[in-house]
Colleague: 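What follows is a structure written as structure tokens; I'll ask about it next.
We count residues from 1, following the sequence as given. Only a predicted model underlies this, so the values are computations on that prediction, with no experimental measurement involved.
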Amino acid sequence: TIPTVWTSSGGMPRAALDDLPSGGSLRVDSAAWFAWLTAPETTRFAYAVVDPRLGAVGCFVTIRKERRARGGSYWVAYRRCQGRLWKHYLGAGSRLTRTYLAGVGQAALAADDSQGAKGGNTRPEPSME
């Protein structure tokens with residue numbers, strides 16, 4: 001199974017990452033969280049996005065670590081909706097805080113809405129608050 005960050009109905013990730021290969025969980029934003037993100041064996045995780053209109057999980061975003069030609073690893077978010085792939089560059093693991101992940105999730109929901117309404121491939125930016 002893919003490790004998953006579950007969200008609360010308020011839209012912010014709760015304080016744990018579940019389904020780790022080693023068992024147990026990690027608190028998001030803890031030192032252990034950021035160490036896990038930088039570990040070579042960590043390559044992906046899922047993020048469950050709560051849709052406030054539904055009060056339940058509206059979608060899942062897959063977040064993957066990718067290597068770039070210039071060296072280094074960066075995180076990228078992916079979401080498939082209505083046959084189209086939404087992709088958004090996230091940057092270094094140090095940026096993947098609870099607040100930033102919540103913004104990414106809301107951007108993914110907005111992409112679902114805009115693709116459904118327009119049939120286009122728009123990429124809303126996540127909130128940087």
Colleague: For the CG atom of L85 and the CZ atom of R79, what is their distance to the nearest 0.5 Å?
Modeller: 10.5 Å
Colleague: Going through the distances and angles, do F45 and W75 end up as a ring pair (Phe, Tyr, Trp, His ring centres under 6.0 Å)?
Modeller: CA-CA 10 Å; F45 65 94; W75 291 91; 5.6 Å; yes
Colleague: On a heavy-atom basis, which atom in W33 and which in L96 lie closest, and how many Å separate them?
Modeller: NE1-O, 2.9 Å
Colleague: Taking all non-hydrogen atoms of both residues into account, name the closest pair between Y47 and G105 and its distance.
Modeller: CE2-CA, 3.8 Å
Colleague: Rounded to the nearest 0.5 Å, what separates atom CZ in R98 from atom CZ in R27?
Modeller: 9.0 Å
Colleague: Within 45 degrees of the ring normal and closer than 6.0 Å to the centroid, is that where the cationic atom of R64 sits relative to Y78?
Modeller: yes
Colleague: Mind listing the closest non-hydrogen atom pair of V50 and Q106 along with its distance?
Modeller: O-NE2, 3.7 Å
Colleague: Can you tell me how far the OG atom of S73 sits from the CG atom of L37, to the nearest 0.5 Å?
Modeller: 11.0 Å
Colleague: Where is the tightest heavy-atom contact between S94 and F34, given as atom of each residue plus distance?
Modeller: O-CE2, 3.8 Å
Colleague: So how far is it from W36 CH2 to S30 OG, rounded to the nearest 0.5 Å?
Modeller: 11.0 Å
Colleague: At their closest point, which heavy atom of L26 faces which heavy atom of A32, and how far apart are they?
Modeller: CD2-CB, 3.7 Å
Colleague: Using atom types as modelled and distance alone, determine if a side-chain donor or acceptor of K65 lies under 3.5 Å from a backbone N or O of G93.
Modeller: no
Colleague: If you take all heavy atoms of A46 and I2, which pair is closest and at what distance?
Modeller: N-CG2, 3.5 Å
Colleague: Does the side chain of R95 come within less than 4.5 Å of T97's, by heavy atoms?
Modeller: no
Colleague: Find out whether V57 and D51 are in side-chain contact, i.e. whether some heavy atom of one side chain is under 4.5 Å from a heavy atom of the other.
Modeller: no
Colleague: State whether the number of non-hydrogen atoms from other residues, nucleotides or ligands found under 6.0 Å of R68 atom CZ is greater than 12.
Modeller: yes
Colleague: Determine whether V5 and I63 make a side-chain contact, defined as any pair of heavy atoms from C-beta on separated by less than 4.5 Å.
Modeller: no
Colleague: Classify the angle between the aromatic ring planes of Y89 and Y74 as parallel (below 30°), tilted (30 to 60°) or perpendicular (above 60°).
Modeller: tilted
